[in-house]
Amino acid sequence: MRLYLNDKPRTFVLTTSTHALIIRHPNPTYEQKGIRSRILGHKRHHSEKDDCKVLVEFVLKDYINLSSYRDVTPKRNKLLGFIGLLPLKGKVFLGFITQHELVASPTLDDKIYRITGTEFYCLNCDEYDYIFDREFDELRYQDNEKVKYPGSSVRKLLSSGAFFYSRQFDITSTIQERGIGSSDFRLIADASYFRRFSWNMFMIEELLEFRNRLTLSEQRLIDETGFLIIIARGYAKTVNTEVAGQDALLTLISKQSSAKEGPIFGHWGCDGNGCVANYLESEVILYTEHFCLSYVIARGNVPMYWELENKVSTKNIIGASNKRIIFPRSFEASQEAFTRHMDRLAAQYGDVHVINELSDKSYKGVLNASFEEQIKYFLKNRDPATSDYKFQYTHLPIPAARIKKIGYTSQNPSEISSQVVSSARDFGALFYDDATTSFVGKQLGVFRINSFDSLSKANFLSKVISQEVIELAFGEIGIHLDRELFTSHAKLWKENDIIVTQLTLNFVSYSDKLHTSKKSNASSVKSHITKKYLSGVVDNTKPNELALLKLLGRLQDQSPIALHNPLHDYIDKELTKRSKEFTSESDISVFASTFNVNATFYEGDIDEWILPHGNSHDLVFIGLQEIVELKPNQMMAQDFKNKTLWERKILNCLAKKDKYMVMWSGQLGGLLLLLFVRESQVKYISNIEISFKKTGLGGMAANKGGIAVSFKYSDTTMCFVSSHLAAGLSNTEERHNNYKTLIKGIKFSKNRRIPNHDVVIWLGDFNFRIDLTNEEVKSLIHQKQYGKLYEHDQLNRQMANGETFPFFAEQEIHFPPTYKFDNGTRKYDSSEKQRVPAWTDRILYMSRKNLIKPMDYECIDNIVFSDHRAVYALFQITVKIVNQVIKKKLSNELYETYNLKDGGLQDLSALNYDLDKKSANFENEKLPPPSSDKQKWWLDGGKPARVNIPRLNEEGNDLVVNPWHPINPFVATTEPEFVSRREVESMLN
């Protein structure tokens, strides 16, 4: 990566071997003999807001003539990544990573680097260009007063070793969020949840928006080449270890949040959005050649409105203080903030178990008592039946002396581990089996450690929980772990404690002021602050309060950058107008089927089921239920034998008609989702993501739940869902709650849900019954009066009332109920329970713009090994096919039409700035001068703008435009648009 600078007009070009990012400010200034001159624009048109306007373009490098540019790439360091645009004191600075060191490798292909050097170059002023003209001397650089320009403090902060990043993945994300086994880089930090861990979000927010408007191929280039780097703050490290004799990588990543308004660190509670001080999430990753385990733990200060007040006394020793907790807001306000905090956590991770380690003594005891009142109120007013997640609370105070005595060893204290083991088992962990390319499990809940300052005690609890999870996970699949692994694990957490504590306590937050008594003096306060926050700080690495505020954009005079990309916006509009040239519609066929196989693998022929009409289809979506007999208390030890058998059997059946590929398969307990794609159609499939959600036993068990796969077929987004809902004739409300849990809990990257797709097919054993007696149902079945029977179907009534599955549709049912039969027969249940026959097995669909055309809906009568019957549906789906070759060619032609000359950026909108062509050296520009209120560039030669109004041109007309009519058309007025000429003249005279 290299950086080039054109002096006049001042323009930076950041290049890789193939592409370039061009950045220009519309109003640069130049220092000439100490007198500042502005080359572009005039003073009357310039405002402070204009200083934050930036022109940007992403183009092929070949489009640019760099002969007039000078290479300003650092001679000793490298430009490793671009971290954004930082506005400071009317200047805009380009930030770059120049030095780093490798600290972690969660997988063999993923690397995490600690940032040890950064640089900032001024975009709109040449005042600091001496930085380009000398060799770097780091020590001299830090001591030289001359170079302490507005960005120097941020440079020093980012180079302190507290920040890290990755070129292979978005550092703010977790493995569960971004997926595994995919080489595609996806930026996730602009999603609502993960952006809290991006510490340069203020610098890159507009650039992210710019990136999102690019084509998919351009977005990929931006992500992979380092044109846009996201940085996190905290701790990251990988150590080598062994699992069952195999080499393994053990990684711990801790990310501090910057989301809280006001003080981010210190003894404070939360803000109005529920974001707390000292919030941190840690992810433990254990990776081998055959599998990957990931687990996330959250911790932070008490999520309420509270502050720590220090009353410094001058009567005793200076610095002595009496601490007490104050609550600046009402109980109800704190409850709202607490609820928002928990809801946001649950929306991302599922169920929540709060471990509260607050002491019940002294001022912390006061905070603990208030927090437990909040918990009681929350639980009392929360309906578990309708809530989206399960909430659990445990008070687990740990004396500091006890932690010191136990230490960070390979053994977990039983009095603590016993309190977390149940939830750890229920939540599961992200576990990916590389051999079967399957997700054995997914983390379906999170521990939220609640503490006073989220430091050493919270870190120790996190270590205990993560070790318990690792032991449970591998114990259930029969792998014994050596103590050496847990020794390494303990050392990582101990080091994490030291680093995170330093990063937290060695920083005085800008609002972390002390509430002092009127009698206290300034020297006492200063002494207290120094002792509390700044002890043991290494001078060269101590973060600076003002620098952090600058980085986060929280100074009063900082305005966000506004990006303008007229050329790209123009090309986007032109491509939209000409979309028919590269876009076509095509109809594809989809076969969808659901079958509850009653924990049995069928050895017989399945052609009648999979190939009912003897035809092949483009997509084949199969959802199976009860493929294994579920056992209680299973977390990781799922039986994949039947999954593999069913997958191969169906694939072999499909191969009789065409070549197919297993595009994705996933199992959750007894649920199995299989997606097969005809090989000729695989080229159109992209962006595959999966999601799980348990609903059994209140979300604890995988005997019920849902699996979903999201993907794009060319330019059409699709989501296929397989689910198994609550059983029982009278459990209609519980099935309804299962649906709500799945529709809200199943989500994909950037917080996309099931309805956020162009096409949705949802099938499974929904377990809805028929509200008639056994005799009535069987009589209507015998008469084939399925329409009359359907009137009493529970799902039909729920959908008609807009409750369960609103906006979904179902094809007309022309087949008898598919449940419940005696195994191996065509006879409905003859056991003592005499279950009423029902259509439990269903296939629903939903689409935007009527993209789905239903073709067939049937059951298979002749495959009778289960107590259910297989049900299938055929669909014709209209998809949008984008010919990327033609689109790229057309895009290139548009670029060529407005090609770049001498590195100049085509500014089609002119941004309402006057342009001095001569001084700006724009003689070769093809575009005319920008428009003004007097002239318009689209009129030939920039002629004066004129508007002909026939009414005013009529012979004998005495009307003229009313000079007192407001210029702003949106201002309410009683003034007419036209008045008599004589009236105007009389008023003027």
Handout entry: Distance-only side-chain donor-acceptor flag, S257 / R196, under 3.5 Å
Key = no
Exercise for the section: Verify the distance criterion only: is there a donor paired with an acceptor across the side chains of D170 and T172 at less than 3.5 Å? Expected result: yes
Problem - Member of T717, I877, D715, I852 meeting the side-chain contact (heavy atoms from CB on, under 4.5 Å) criterion with D758 - result: T717
Handout entry: Qualifying residue for ring pair (Phe, Tyr, Trp, His ring centres under 6.0 Å) with F720, from F711, F591, F875
Key = F711
Practice task
Inspect the contact between E585 and K880 and indicate whether a charged nitrogen and a carboxylate oxygen are less than 4.0 angstrom apart.
Solution key: no
Practice task
Examine F291 together with Y432 and report whether their ring centres are nearer than 6.0 Å.
Solution key: no
Exercise for the section: Could you tell me how the ring of F194 sits relative to the ring of F197: parallel (under 30°), tilted (30 to 60°) or perpendicular (over 60°)? Expected result: tilted
Problem - Name of the residue among E281, R448, R344 meeting side chain to side chain donor-acceptor pair (under 3.5 Å) with Y349 - result: E281
Exercise for the section: For this output row, return yes or no: ring centroids of F447 and F427 closer than 6.0 angstrom. Expected result: yes
Problem - R678/D618 ion pair, N-O < 4.0 Å - result: yes
Practice task
Measure from the ring center of W762 to the ring center of Y845 and say whether it is less than 6.0 Å.
Solution key: no
Problem - Check ion pair R211-D223 (N to O, under 4.0 angstrom) - result: yes
Problem - Cationic tip of R382 above F391 ring, under 6.0 Å, 45° of axis - result: no
Handout entry: Output field: ring centroids Y684/Y713 closer than 6.0 Å
Key = yes
Handout entry: Nearest heavy atoms of V721 and A708, plus distance in Å
Key = CG2-CB, 4.0 Å
